[in-house]
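Down below is the structure, laid out as structure tokens.
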4 protein chains.
Amino acid sequence: MIISLELDSETPLYEQLRNQIVIGIAMGTLAEQERLPSVRQLAEDLGINTMTVNKTYALLKQEGYIVIDRRHGAKVAPRAAVGQEPTEQLTHQLQLIIAQAAIQGVDQSRFQTLCGQIFAKMAYQT
Amino acid sequence: MIISLELDSETPLYEQLRNQIVIGIAMGTLAEQERLPSVRQLAEDLGINTMTVNKTYALLKQEGYIVIDRRHGAKVAPRAAVGQEPTEQLTHQLQLIIAQAAIQGVDQSRFQTLCGQIFAKMAYQT
Amino acid sequence: MIISLELDSETPLYEQLRNQIVIGIAMGTLAEQERLPSVRQLAEDLGINTMTVNKTYALLKQEGYIVIDRRHGAKVAPRAAVGQEPTEQLTHQLQLIIAQAAIQGVDQSRFQTLCGQIFAKMAYQT
Amino acid sequence: MIISLELDSETPLYEQLRNQIVIGIAMGTLAEQERLPSVRQLAEDLGINTMTVNKTYALLKQEGYIVIDRRHGAKVAPRAAVGQEPTEQLTHQLQLIIAQAAIQGVDQSRFQTLCGQIFAKMAYQT
DNA sequence: GTGGTCTAGACCACT
DNA sequence: GTGGTCTAGACCACA
């Protein structure tokens, strides 16, 4: 799995990393139950500090995306049941994106198509 | 237009403010060409520092959502032509949201429905 | 408020600190809405690193005991409504303590009295 | 006696194991003087390392919950005389739990009732 | 001024 | 080997 960080971005490194791992999980690049690289390993590969990776893992764990097994390190969490209702937070985020899209002149059908294309790349989808 | 800020949120005040204004524009609560309150006025109404509002307006201007006229203050920018292609940035943001939704078990049809409902509230949509 | 840390304890510093602050809140030593010392200040007073205090505050915030206001630092969170049901986690912890007490030969009435005495010191209780 | 370990928990395995055995003793699932399974046996049953079980037994012995006889393995220690005073450590733990309960809005009578319910399940109680 | 982030390097607990 | 904790010291974003 390829991870690229922008060191001069506004988004903190640990958050960029978190986002890329979340996408990786959803796209199946990181399979369910698969082991993530060790904190040290990943830190070295990316050329960043172990603490930063540590924070990322702690965050992902807290959000339920991964589980940390004392014996074997971090693994992708088992997937949730399908058919869940969208979170309120997710709805808010989506509303903001759609607002931006609408103002920028992207019409609804184009937007829905885009959603479809992105969903098609997700392995988590049934 | 009602703006509510969470002082104890992770998102900076200026960004919360920016988001709410963007949504306000998209939903038509702030009409095209309509004048925004003055920096001082808005800061006082919200009980925050003028610097914060200033930063918000500067950001909105830079993003093209408003235009700032020295004589008449800030106005909502004229709307873009419809039929535009989604920005790369927007696509990235959407991808992250969809990834999260997929992992949380929200299926595509539910997601698309939600998009439709949100779009329906946008006045900018043709 | 007096905080004492055991540097050679098994419990991590940030957790000891968290516990003492929680007790401080419950006992009213830290009043509702009261400001906590700044991260730097507290770190200096206790002779520990700012990161450690930072982690404590982040934890307390995540657990809902404090709120962090970007403008004025950390404050004690407004108190919850009374009459809540005990958490499952709390029940588990209590079960373990009672098990230990029972084995050590503390009988129920003595234990209940002790609870009463501790509750009497809590300002949060109505 | 059923023991279930959470591999992805924050609490170390040896501590989870210790806790469950303590509760087992208090509830009478493990009777006074009863033999505990051998280290090797228990480790195999639970699918964990023998070192972990070893550590648990050493801890339980040091705390006085079990006695280890070279010939007969580990046994539940004879019960203490009733009417003992609560340990200082136990009082501290209880104080922390009550503090949390109070902040979360659990009132004293509810808490005392809960204690009663838990005590009712303990066989050690007179 | 505040909290948030990051680094480099160290030590410890757990299995 | 793993993740977790801590330090000392630095810089940045926010208000």
Side-chain angles (χ1 to χ4, degrees), chain A residues 5 7-17 35-44 46-58 61 66-75, chain B residues 5 7-17 43 46-56, chain C residues 5 7-17 35-44 46-58 61 66-75, chain D residues 5 7-17 43 46-56:
Chain A
L5 302 177
L7 295 174
D8 55 347
S9 163
E10 294 201 357
T11 6
L13 289 178
Y14 81 92
E15 205 173 323
Q16 292 183 45
L17 188 49
R35 272 199 58 189
L36 272 64
S38 83
V39 170
R40 282 187 250 283
Q41 184 65 53
L42 189 51
E44 194 180 339
L46 298 174
I48 60 176
N49 194 281
T50 55
M51 288 286 288
T52 310
V53 180
N54 200 331
K55 184 161 186 178
T56 305
Y57 278 22
K61 173 188 166 194
I66 66 173
V67 280
I68 293 177
D69 183 325
R70 280 202 136 83
R71 299 172 307 174
H72 310 104
K75 290 189 311 183
Chain B
L5 302 177
L7 296 177
D8 56 332
S9 161
E10 306 222 348
T11 359
L13 290 179
Y14 82 94
E15 203 172 322
Q16 291 184 47
L17 189 50
L46 298 173
I48 60 178
N49 200 306
T50 54
M51 293 297 288
T52 312
V53 180
N54 219 325
K55 186 162 186 175
T56 306
Chain C
L5 302 177
L7 295 174
D8 54 347
S9 162
E10 294 201 357
T11 8
L13 289 178
Y14 81 93
E15 204 173 324
Q16 293 183 46
L17 188 49
R35 272 199 57 188
L36 273 64
S38 82
V39 170
R40 284 187 249 284
Q41 184 65 53
L42 189 50
E44 193 181 339
L46 298 174
I48 60 177
N49 194 281
T50 55
M51 287 286 288
T52 311
V53 180
N54 200 332
K55 184 162 185 175
T56 305
Y57 278 21
K61 174 189 165 193
I66 65 173
V67 279
I68 292 177
D69 182 326
R70 280 201 137 83
R71 299 172 307 173
H72 310 105
K75 290 188 312 181
Chain D
L5 301 177
L7 297 177
D8 57 331
S9 162
E10 307 222 348
T11 0
L13 289 180
Y14 82 93
E15 204 173 321
Q16 291 183 49
L17 189 50
L46 298 173
I48 60 177
N49 200 305
T50 55
M51 294 296 290
T52 310
V53 180
N54 219 325
K55 186 162 185 175
T56 305

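The sequence lines fix the lettering, A, B, ..., with proteins before strands; numbering per chain opens at 1.
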Residues in side-chain hydrogen bond (donor to acceptor under 3.5 Å, both in side chains) contact with D:Ser9, at least two apart in sequence or another chain: D:Thr11

Touch check for A:Asn54, heavy atoms < 4.0 angstrom, all strands: base, sugar-phosphate only, or nothing? base

A:His72 backbone acceptor or donor facing A:Arg35 side chain under 3.5 Å: yes

Side-chain heavy-atom pair D:Leu5, D:Ile48 within 4.5 angstrom cut-off: yes

Under the side-chain contact (heavy atoms from CB on, under 4.5 Å) rule, collect the residues that match up with C:Ser38, sequence neighbours excluded. C:Arg40, C:Gln41

Quick check for you: name the first and last nucleotides of DNA chain F, 5' to 3', having an atom under 4.0 Å from a heavy atom of chain A. F:dT2 to F:dC6

List for me each residue that meets side-chain contact (heavy atoms from CB on, under 4.5 Å) alongside A:Lys55, sequence neighbours excluded, and say none if there are none. A:Tyr14

5'-most by nearest nucleotide on DNA chain E - C:Ala74 or A:Thr11: C:Ala74

Using a 4.0 Å cut-off on heavy atoms, which residues in residues 35-44 of chain A reach DNA chain F? List them by number, or say none. A:Ser38, A:Val39, A:Arg40

Contacts of B:Asp8 meeting salt bridge (Lys or Arg N to Asp or Glu O under 4.0 Å) (sequence neighbours excluded), chain-then-number -> none

Assign each of A:Ala58 and C:Gly47 the nucleotide of DNA chain F bearing its closest heavy atom; nearer the 5' end lies the nucleotide of A:Ala58

Along DNA chain F (nearest heavy atom to each residue), the more 5'-positioned of C:Glu15 and B:Tyr14: C:Glu15

Nucleotide-level pairing of DNA chain F, given in dot-bracket where Watson-Crick and G-U pairs need both distances under 3.5 Å and | marks other strands: ||||||||||||||.

Excluding sequence neighbours, so at least two apart, what forms side-chain contact (heavy atoms from CB on, under 4.5 Å) with A:Ala58? none

Could you check how far CD of C:Glu10 sits from C1' of E:dA13, rounded to whole Å? 9 Å

Residues in side-chain contact (heavy atoms from CB on, under 4.5 Å) with D:Met51, at least two apart? D:Asn49

Base, sugar-phosphate or nothing for D:Ile48? Non-hydrogen atoms, less than 4.0 Å. nothing

Those residues that, when tested against C:Arg71, pass salt bridge (Lys or Arg N to Asp or Glu O under 4.0 Å) (two or more places apart): C:Asp69

A:Glu10: which residues meet the salt bridge (Lys or Arg N to Asp or Glu O under 4.0 Å) condition with it, sequence neighbours left out? none

Would you mind classifying the nucleic acid contact of A:Met51 as base, sugar-phosphate or nothing, using non-hydrogen atoms under 4.0 angstrom? base

Straight-line distance of B:Leu13 CG to C:Arg70 CZ, nearest 0.5 Å: 7.0 Å

What is the distance, rounded to the nearest whole Å, between atom CZ of A:Arg71 and atom C1' of E:dA13? 16 Å

